Amino acid sequence: MKNVFDCIIIGGGPAGCMAGIHLQRSGFNIVLIEKERIGGSLHDANIIENYPGFPAGIKGLTLAKKLEEHLFSIGVKVIFDEVLKIKFRGKFFDLVCKKGNYRARSLIVAIGLVNREKWKNKRIKNIYTRARDLKSWRNKVIAILGLGDTAFDASLRFSSASKIYLIGRKIKAIKALVEKVKEMENVKILNKDVLGISESKNKIIIRLSSKKKIEVDKVLICYGKKRNNAIFPENIKSKLRKKLIEIYPGLFIAGDFAMPEKRYISIAFATGIMAAEGAIKYLRGEK
Ligand SMILES: Cc1cc2nc3c(=O)[nH]c(=O)nc-3n(C[C@H](O)[C@H](O)[C@H](O)COP(=O)(O)OP(=O)(O)OC[C@H]3O[C@@H](n4cnc5c(N)ncnc54)[C@H](O)[C@@H]3O)c2cc1C
């Protein structure tokens, strides 16, 4: 069979990139498969302010670009394709992708998380779950659902909107972000639940728990991340909840997918290198 690798890394976010860099330097025949863009969720982040060495912060997009440059400069092979299924074949893992099929002796899954799409009604346009998909916001009224770090980060990104409503039960974001956003004159924080979303005359109507309604142009949903296990065989899905990095001999997980409650770049890097170390030991036949 063509396309047989020592290790395949699925996902080109920080965790997958870290794993790729470490395995490449260890001399293995590897490939990283990414369905969209190298950098993953960094494309949705505005300014990263907890990245050591950058006290003034670094833009998410800049860091994504730097990761991409790093991968290519050391010769990591990248295939842009979407993995649809992982199949276990004795000592190999077979990957069924949209455009091709690949086989590996070991596998690192670093596919991040997906959003629960509660309000993403197909009939209503302009409801988004990723900041990168919201292409124009200048002079628009935007509702951001959620009061965590990503919601406050998005408010800073969309600062040229005419009005931003940040809606949620309780502020959970880090103090430094909250203070910056509270200085923005066009932001209003509403401590409410969203009861319903509908559309009327090209506007989105949000019904709040206070019985009040607000009218906006676009909605960004910033809560409810979850794992998407669909690519795994049934017998592996139950193991995902119980194990941390090595799920099955030769099969490792990393990043937000491994630790959905701890969504930080540094943790993605740490679990990425742990998964790569695990794969190296496995490939060498070490315990
Ligand atoms: C708006 C926002 C702001 C943030 N700000 C910060 C911050 O300031 N500081 C901080 O520490 N963290 C921040 N984070 C969190 C940080 O970005 C994540 O923890 C980190 O990106 C996780 O890396 P990852 O590689 O696990 O997953 P991701 O970055 O999500 O990457 C996963 C990759 O896998 C790919 N993929 C998924 N499924 C498949 C498939 N089937 N086949 C092929 N490829 C697939 C995706 O396209 C994606 O590129 C922020 C996150 C967001 C969304």
Side-chain angles (χ1 to χ4, degrees), residues 8-21 31-54 56-64 67-68 71 78-86 95-102 107-115 128-134 144 146 148-158 173-174 176-177 180 220-232 245 252-276:
I8 295 181
I9 299 148
I10 312 174
C17 289
M18 182 75 251
I21 291 165
V31 67
L32 185 152
I33 302 181
E34 165 57 50
K35 69 174 176 168
E36 274 182 79
R37 298 167 76 183
I38 296 298
S41 298
L42 297 178
H43 290 276
D44 298 313
N46 184 42
I47 309 270
I48 315 284
E49 291 184 325
N50 62 349
Y51 196 75
F54 293 87
I58 177 165
K59 279 190 157 203
L61 287 180
T62 308
L63 190 54
L67 289 181
E68 186 175 40
L71 284 187
V78 176
I79 293 174
F80 288 96
D81 201 348
E82 179 173 354
V83 177
L84 303 175
K85 273 280 168 232
I86 300 171
L95 298 190
V96 180
C97 302
K98 265 194 180 157
K99 297 187 229 162
N101 295 327
Y102 306 90
L107 207 57
I108 295 177
V109 181
I111 55 176
L113 301 171
V114 292
N115 282 75
Y128 305 88
T129 55
R130 307 188 308 179
R132 78 184 87 163
D133 297 328
L134 209 143
I144 299 176
D149 286 348
T150 54
F152 279 81
D153 182 72
S155 309
L156 295 170
R157 180 177 180 136
F158 302 132
I174 198 159
L177 269 176
K180 270 194 192 169
L220 176 67
I221 303 171
C222 285
Y223 61 71
K225 297 259 188 193
K226 61 169 189 175
R227 276 175 171 164
N228 180 359
N229 296 341
I231 62 172
F232 288 93
I245 304 282
F252 304 84
I253 57 174
D256 284 3
F257 187 81
M259 301 193 74
E261 308 304 326
K262 304 258 182 287
R263 300 193 296 270
Y264 293 103
I265 297 161
S266 46
I267 291 180
F269 284 152
T271 50
I273 208 160
M274 284 163 78

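Everything numeric in this text was worked out from a predicted model, so none of it was measured. Order of listing sets the numbers, starting from 1, for every ligand and every atom in it.
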inquiry  = Could you check whether Lys98 pairs with Asp81 (Lys NZ or Arg NE/NH1/NH2 to Asp/Glu carboxylate O, under 4.0 Å)?
reply    = no

Please produce the table of protein N or O atoms sitting under 3.5 Å from N or O atoms belonging to ligand 1, one pair a line, distance to 0.1 Å.
residue, atom, partner, partner atom, Å
ligand 1, 9 (N), Asn50, OD1, 2.9
ligand 1, 9 (N), Asn50, ND2, 3.4
ligand 1, 11 (O), Asn50, OD1, 3.4
ligand 1, 11 (O), Asn50, ND2, 3.1
ligand 1, 11 (O), Ile265, N, 2.9
ligand 1, 19 (O), Asp256, OD1, 2.8
ligand 1, 19 (O), Asp256, OD2, 3.3
ligand 1, 19 (O), Tyr264, N, 3.2
ligand 1, 25 (O), Pro14, N, 3.2
ligand 1, 25 (O), Ala15, N, 3.0
ligand 1, 26 (O), Asp256, N, 2.8
ligand 1, 29 (O), Ser41, N, 2.8
ligand 1, 29 (O), Ser41, OG, 3.4
ligand 1, 30 (O), Ser41, OG, 2.7
ligand 1, 41 (N), Val83, O, 3.0
ligand 1, 42 (N), Val83, N, 3.0
ligand 1, 44 (N), Lys35, N, 3.2
ligand 1, 47 (O), Glu34, OE2, 2.7
ligand 1, 49 (O), Glu34, OE1, 2.7
ligand 1, 49 (O), Glu34, OE2, 3.1

request  = Could you label the plane-to-plane angle of the Tyr51 and Phe269 rings as parallel, tilted or perpendicular, counting under 30° as parallel and over 60° as perpendicular?
outcome  = perpendicular

request  = For atom CZ of Arg37, decide whether the heavy atoms of other residues, nucleotides or ligands shown that lie under 6.0 angstrom number more than 12.
outcome  = no

inquiry  = Looking only at the aromatic ring of each residue, does the gap between the centers of Tyr128 and Phe158 stay below 6.0 angstrom?
reply    = no

Arg132 side chain to Asp44 backbone, donor-acceptor under 3.5 Å = no

Atom NZ of Lys180: over 12 foreign heavy atoms under 6.0 Å = no

